[in-house]
There are 2 protein chains.
Amino acid sequence: MTVTIKDVAKKAGVSPSTVSRVLSGHPRISLETSRKVKVIMEEMGYTPNMMAKSLVSKTTNSICIILPKPAEELFSNLFFMELIRGIVTQSSRSGYDVLISSGANEKEELEAVSRLLKGRRVDGVILLYSRKDDAVIDFLESGGYPFVLVGRSDRYEDILSVDNDNIMAAYDATNHLISMGHERIGFVSGPPNLIVSRDRLEGYRKAMQNKGLEMKAEWIVEGEFLQDSGYRAMSFFMNLPNRPTALVAVDDMVSFGVLRGLNELKYKVPEDLAIVSFNNIPLSELSSPPISSIDIGIYHLGYTASQVLIQSIQKPDNHDGYTNRFVIPHRLIVRESSMYTPGKQ
Amino acid sequence: MTVTIKDVAKKAGVSPSTVSRVLSGHPRISLETSRKVKVIMEEMGYTPNMMAKSLVSKTTNSICIILPKPAEELFSNLFFMELIRGIVTQSSRSGYDVLISSGANEKEELEAVSRLLKGRRVDGVILLYSRKDDAVIDFLESGGYPFVLVGRSDRYEDILSVDNDNIMAAYDATNHLISMGHERIGFVSGPPNLIVSRDRLEGYRKAMQNKGLEMKAEWIVEGEFLQDSGYRAMSFFMNLPNRPTALVAVDDMVSFGVLRGLNELKYKVPEDLAIVSFNNIPLSELSSPPISSIDIGIYHLGYTASQVLIQSIQKPDNHDGYTNRFVIPHRLIVRESSMYTPGKQ
DNA sequence: CTGTGTAAAGCAAACGGTTCCATAAGGAGG
DNA sequence: CCTCCTTATGGAACCGTTTGCTTTACACAG
């Protein structure tokens, strides 16, 4: 059978309480006893039963990641994988285990979260999305459970969240194109209900306005975070009478679609159309030409989210009400897709 | 406070045991009582405490995924994300939670596994690799813990594993190139201690021998499952006096590296070098040109692994000793990177 | 009317820890 | 020499479930 704290106690000739105290490094245990007990634990191959521990301590030392349902779509996976990698690495450094969960729909998601949290299987939750209205967030808030959002929430001001400054990031991306000499710049956005889409669009607008550049309505196209959206946007743009010489795309996948389309039509990048996009996924540097991209530090995003969550689990009172939004820095990686000044031969 | 089984019992005017039995659908509970209790549970928002349940039932309804130690790098490979997706989907269908874990080195991995299993935090483990000698496997076997290997183990015959027929897969890949008219075919392998590397190499050899084609030693290069390996292999191959006209790469990531290198040197794919690789990760069709790849059903691999593990947890005795190796079918996806017959103009 | 069988529910002992409170043994101070 | 304090340890209740064993309450046969 498995060896329990009582077995160790008996063999060491002490009481279970003493063994427990040795385990937790209680100060009032003599060095001698402590050493003796530790030797015996080692000898007997004792490992504490986490369930029993959790039962009394009401703490599990584990957290849970909720994947959004469109994570099922293969494309976004590279992004999520990086995020998870950051979370798992940091969690395990803090001695926490990570549980991953996802539901087929929002109702299932809510059920899972509720079961895990109310059933005391995890101490907190990381949400890998920022939807506009969300039953899961409502549940977490009203239940007072520790959780953090990767992404920004506009509805709830006091929620812990880890995010980029996407407005600034888009501003930087656009500005880069402007500084290369572009004046007619298009924008391919994502779904309008995602906050990230809107933030990036806003950054683009700001940059254009700032330089007093014209923004035709037709230069802004909505799509998904998918290749196809880029493909369609491209063919739309290229048929415009006074078409853009450059574009900002909300996601690298979109750029790939644009690239594919331009390639089919024998257009050249960046000569016929310069491109900058977001996320800097590993493939961005592998396309031809390599794509300029805003690196948003995905791994770092996950790492920080875990850190913030665990901190909030351990000292729930430490929340000062100010620093509840953590912003991960971004940086522009300039590659071939944007290295061209229009009009130049 | 959280509502317990006792609270429900009191409010319903029954004993805790009765509530427990209602919960588990015990036969000797009157329909009337059952209904009454269920209403009250609903009213009070009762959720069973998993820790308490686990403590007595010695079962956690969760499993654990162990990521290989170079997870930091390999993680970036979409392969693992797909695998995890399959595992999580199937597990949640079976009512199991999934914990993901990894260590900085083999010792840490072993510690984590031991802590989780002996500490009764998980019921079983899925190993996402198949190394040659492995302390973790030794531990799992000697402890009699339920586990399954994604990949093949040559050392332990009776281990549950889910795998592809990698020998056949490589045979097919190579044969495809041969049937396109190639005769000088190179092979970029992975780390030699991974069984998958060796199996694929063997399949390549078989195909070459079968057609009586020459296999120069210098046409076989060892590397990692990373882009860089492809990059290096490429530059090595292209400098060979009588260089290969095609190559088989052990992983799609390797192909990306090859592609990048060839692109830099202004070589054309597939005209100057045709490529086929393995895994068919979602990005394979997005590169330019799209890469021919052996689809090994990664998602399916994960899905099956979870199924097999959970089955073995639930009926440990059901193991017949025969069907302990599950083989997931593969299929060749031909794309542009291999659609060229050498010598043709 | 008593004995027996059966369905429904209760009691209490686990499961493996933690922790408050009590206790015993010294040592210091008066 | 007695009291009081400190330090090291033991005892026991408790965390929220499950489950084997009783008990209760009838119904029915003898």
Side-chain angles (χ1 to χ4, degrees), chain A residues 1-38 40-41 44-62 95 114-123, chain B residues 1-38 40-41 44-62 95 114-123:
Chain A
M1 288 293 103
T2 45
V3 21
T4 77
I5 210 171
K6 283 171 195 166
D7 302 327
V8 175
K10 190 179 291 177
K11 188 150 183 180
V14 298
S15 78
S17 358
T18 302
V19 177
S20 173
R21 285 192 259 256
V22 168
L23 229 34
S24 62
H26 191 99
R28 286 235 217 295
I29 287 287
S30 73
L31 210 63
E32 190 195 5
T33 309
S34 171
R35 266 205 277 264
K36 183 178 60 182
V37 169
K38 277 179 183 160
I40 304 226
M41 291 197 310
M44 304 182 74
Y46 169 72
T47 307
N49 183 313
M50 307 306 280
M51 295 302 144
K53 195 172 197 162
S54 291
L55 182 55
V56 37
S57 71
K58 290 174 180 325
T59 253
T60 63
N61 268 197
S62 43
S114 161
R115 184 177 53 80
L116 291 169
L117 241 18
K118 293 182 67 179
R120 291 215 185 306
R121 202 197 207 60
V122 301
D123 298 338
Chain B
M1 287 294 104
T2 46
V3 21
T4 75
I5 210 170
K6 284 174 192 164
D7 302 326
V8 175
K10 189 179 291 177
K11 188 150 183 180
V14 299
S15 77
S17 359
T18 301
V19 177
S20 173
R21 285 192 256 259
V22 167
L23 228 34
S24 60
H26 191 99
R28 283 235 218 294
I29 288 288
S30 74
L31 210 62
E32 190 195 5
T33 309
S34 169
R35 265 205 279 264
K36 184 177 59 182
V37 169
K38 277 180 182 160
I40 304 225
M41 290 197 311
M44 304 182 74
Y46 169 73
T47 308
N49 182 313
M50 307 306 281
M51 295 303 144
K53 195 173 198 161
S54 291
L55 181 56
V56 36
S57 71
K58 291 176 179 324
T59 254
T60 64
N61 269 70
S62 42
S114 163
R115 184 178 52 81
L116 291 169
L117 242 16
K118 293 183 69 179
R120 292 225 137 70
R121 202 199 207 62
V122 301
D123 297 339

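Order of the sequence lines sets the chain letters (A, B, ...), proteins ahead of strands, with each chain counted from 1.
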List the steps and the verdict of side-chain contact (heavy atoms from CB on, under 4.5 Å) for N49(B) and T4(B).
CA-CA 8 Å; N49(B) 182 313; T4(B) 75; over 6 Å; no

Quick one: [X] [atom1] to [N] [atom2], roughly how many Å, whole number?
X: N49(A); N: dC15(D); atom1: CG; atom2: P; answer: 18 Å
X: L55(B); N: dT19(D); atom1: CG; atom2: P; answer: 12 Å
X: M50(B); N: dT17(D); atom1: CE; atom2: P; answer: 11 Å
X: H26(A); N: dT18(C); atom1: NE2; atom2: C1'; answer: 11 Å
X: K58(A); N: dT19(C); atom1: NZ; atom2: P; answer: 12 Å
X: K6(A); N: dC15(C); atom1: NZ; atom2: C1'; answer: 8 Å
X: M51(B); N: dG16(D); atom1: CE; atom2: C1'; answer: 12 Å
X: R120(B); N: dC15(C); atom1: CZ; atom2: C1'; answer: 10 Å

Could you tell me whether the side chain of [Y] reaches within less than 4.5 Å of the side chain of [X], counting heavy atoms only?
X: R120(A); Y: K58(A); result: yes
X: Y46(A); Y: L23(A); result: yes
X: I5(A); Y: P48(A); result: no
X: T2(A); Y: K118(B); result: no

Is the number of heavy atoms from other residues, nucleotides or ligands under 6.0 Å of K36(B) NZ greater than 12?
yes

Looking at five pairs on each end of the helix from dC1(C)-dG30(D) to dG30(C)-dC1(D), what is the angle between the two axes, given to 10 degrees?
70°

Donor-acceptor pair, S54(A) side chain versus M51(B) backbone, under 3.5 Å?
no

Side-chain donor or acceptor of D123(B) paired with backbone N/O of T59(B) under 3.5 Å:
no

Just by protein heavy atoms under 4.0 Å, how would nucleotides 7-12 of chain C read 5' to 3' in B, S and -?
SBSBBB

Would you please confirm or rule out a distance under 4.0 Å between OP1 or OP2 of dG16(D) and any side-chain N or O of T4(B)?
no

May I ask you to check whether T18(A) and S15(A) show a side-chain donor-acceptor distance below 3.5 Å?
yes

